[in-house]
Amino acid sequence: MTSRPLILGSSSKWRKQALIDMGYIFKTMSPDIDEKAIRDSDPKTLTLLISRAKAQALLKRIKESDDELDKKSIMICSDQVIVHNGVIREKPETEQQCREYLQSYEFHPAVAVVSVVVVNIETGKIVEGTDIATQHFKKISDEFIDKLIKQGDVMHCAGGFTVEHMAEFALQLEGEIETILGLPKTLTKNLINQVSQ
């Protein structure tokens, strides 16, 4: 654990819950960047570039603010894409695209690629890393897909799926569930420890 205050640079409820489950107390700030303006064909490079952009946007905001506690904080930013059969997937843009995503996971697994950037705002030290986890699924029924889309969370997740709502269709997981959720546990803890020293 760290004695410094923590800022999670994300509005994602899944990342927030993952960090709570790791035992941290923190506040959240939304980076509000145009992620679509940042492109790369390599999922690791893409997620690192977006995570860095989120961190830089929030650093600028914090340095211009009057909040002295924020200026002594450690900030965590991350980004996730899903790779399916070699193709990068971000959040679905339409319900039809989400449906196609969900129907496809019986044929190839969902590979979550998540990059994390952690910044000690006071010292300026920045560390980063990437983690990968693979979730296999069996065939997801059309009725269940309709239910997922109606519930709505899948429309706000990279790859168009929420594993916590899909337990009955989830098969083998290779890697950490927290990586699937968007904030890798081991990597995040290690990066926080590195900037705390």
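Worth knowing before you read on, the calculation uses all heavy atoms, side chains too, and leaves out hydrogens, waters and symmetry mates. Numbers for residues simply follow the sequence, beginning at 1.
Under the 4.5 Å side-chain criterion, counting only non-hydrogen atoms from C-beta, Cys77 is in contact with Met75. Within the 4.5 Å cutoff, the side chain of Val81 has no heavy atoms near those of the Ile50 side chain. Considering only heavy atoms from C-beta on, Ile62 comes within 4.5 Å of Lys71 through its side chain. Looking at heavy atoms from C-beta onward, Asp153 lies in side-chain contact with Lys13 at the 4.5 angstrom threshold. The shortest side-chain heavy-atom distance between Ile76 and Leu183 falls under the 4.5 Å cut-off. In this structure, Ile192 and Lys189 have side chains that are not in contact, with every pair of non-hydrogen atoms separated by 4.5 Å or more. When side chains are defined from C-beta on, Leu8 counts as touching Arg15, because their heavy atoms get closer than 4.5 Å. No side-chain heavy atom of Leu102 sits less than 4.5 Å from a side-chain heavy atom of Phe144.
In this structure, the separation between CG on Asn120 and CD on Gln197 is 11.0 Å, given to the nearest 0.5 Å. Atom CD in Glu164 sits 7.0 Å away from atom SG in Cys157 (nearest 0.5 Å). Atom CG of Leu191 and atom CD1 of Ile126 lie 12.0 Å apart (nearest 0.5 Å). Note: Glu122 CD to Ser73 OG = 9.5 Å, rounded to the nearest 0.5 Å. Note that CD of Glu106 and CZ of Phe169 are 11.0 Å apart. Values are rounded to the nearest 0.5 Å. Taking SG from Cys98 and NE2 from His156, the interatomic distance works out to 10.0 Å, rounded to the nearest 0.5 Å.
Val195 and Ile7 fall into different hydrophobic clusters, defined by Ile, Leu, Val, Met, Phe, Trp and Tyr side-chain heavy atoms under 4.5 Å apart, directly or through other members. Grouping the Ile, Leu, Val, Met, Phe, Trp and Tyr side chains by contacts below 4.5 angstrom, directly or via other members, places Val113 with Ile38. In the hydrophobic cluster analysis, where Ile, Leu, Val, Met, Phe, Trp and Tyr join through side-chain heavy atoms closer than 4.5 angstrom, Ile74 is grouped apart from Ile121. Note: the hydrophobic cluster containing Leu6 also contains Val127 (ILVMFWY, side chain heavy atoms under 4.5 Å, direct or indirect links). No continuous path of ILVMFWY side-chain contacts below 4.5 Å connects Met166 to Leu171, so the two sit in separate hydrophobic clusters.
Between the side chains of Arg89 and Ser104, at least one donor N or O sits under 3.5 Å from an acceptor N or O.
Residue Gln103 comes nearest to Ile145 through the heavy atom pair CG-CD1, 3.6 Å, listed as atom of the first residue, atom of the second, then distance. Minimum heavy-atom separation, Ile82 to Ala110: CG2-CB, 3.8 Å. Heavy atoms only, all atoms of each residue included: Asp40 and Ile88 are closest at O-CD1, 3.9 Å. The minimum heavy-atom distance linking Pro31 with Ala57 is given by the pair O-CB, 4.1 Å. Nearest heavy atoms, Leu181 versus Trp14: O-CB, 3.5 Å. Gly160 and Tyr101 get closest at one heavy-atom pair: N-CD2, 4.0 Å.
Side chain of Glu176 to main chain of Thr186: a donor-acceptor pair is present (N/O by atom type, distance under 3.5 Å, no hydrogens or angles). Under the 3.5 Å distance criterion, the side-chain polar atoms of Ser78 are matched with a main-chain donor or acceptor of Gly182. Between the side chain of Arg4 and the backbone N or O of Lys72 there is at least one donor-acceptor pair closer than 3.5 Å. A donor-acceptor pair under 3.5 Å links the side-chain atoms of Gln80 to the main chain of Thr179, judged by distance alone.
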Q: List the steps and the verdict of salt bridge (charged side-chain N to carboxylate O under 4.0 Å, His left out) for Arg61 and Asp70.
A: CA-CA 10 Å; Arg61 197 184 314 164; Asp70 282 356; over 6 Å; no

Q: For Glu128 and Ser51, run side chain to side chain donor-acceptor pair (under 3.5 Å): C-alpha distance rounded to whole Å, both residues' side-chain angles, the deciding distance at 0.1 Å, then the answer.
A: CA-CA 9 Å; Glu128 60 186 34; Ser51 296; over 6 Å; no

Q | Test side chain to side chain contact (heavy atoms under 4.5 Å, CB included) applied to Leu173 and Val163, step by step | A | CA-CA 10 Å; Leu173 168 66; Val163 74; over 6 Å; no

Q: Decide side chain to side chain contact (heavy atoms under 4.5 Å, CB included) for His165 and Lys147; before the verdict, give the C-alpha distance in whole Å, the side-chain angles of both, and the deciding distance to 0.1 Å.
A: CA-CA 10 Å; His165 295 319; Lys147 186 174 156 188; over 6 Å; no

Q: Verify salt bridge (charged side-chain N to carboxylate O under 4.0 Å, His left out) between Glu35 and Lys54, making sure each step is shown before the conclusion.
A: CA-CA 9 Å; Glu35 296 182 24; Lys54 289 176 180 179; 3.6 Å; yes

Q: Take Leu58 and Val119 through the side chain to side chain contact (heavy atoms under 4.5 Å, CB included) test and state the conclusion after the steps.
A: CA-CA 10 Å; Leu58 287 176; Val119 183; over 6 Å; no

Q. Given the rule in the side chain to side chain contact (heavy atoms under 4.5 Å, CB included) test, do Leu49 and Leu46 qualify, once you have shown the distances and angles that lead to the verdict?
A. CA-CA 5 Å; Leu49 288 172; Leu46 177 62; 5.6 Å; no

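With a 6.0 Å radius and a threshold of 12 heavy atoms from other residues, nucleotides or ligands, Lys36 has its NZ atom above the threshold.
Between Phe137 and Tyr105, the two ring planes are tilted [angle within 30° to 60°].
Classification of Asp21 and Lys185 as a salt-bridged pair fails, no side-chain N sitting under 4.0 Å from a carboxylate O.
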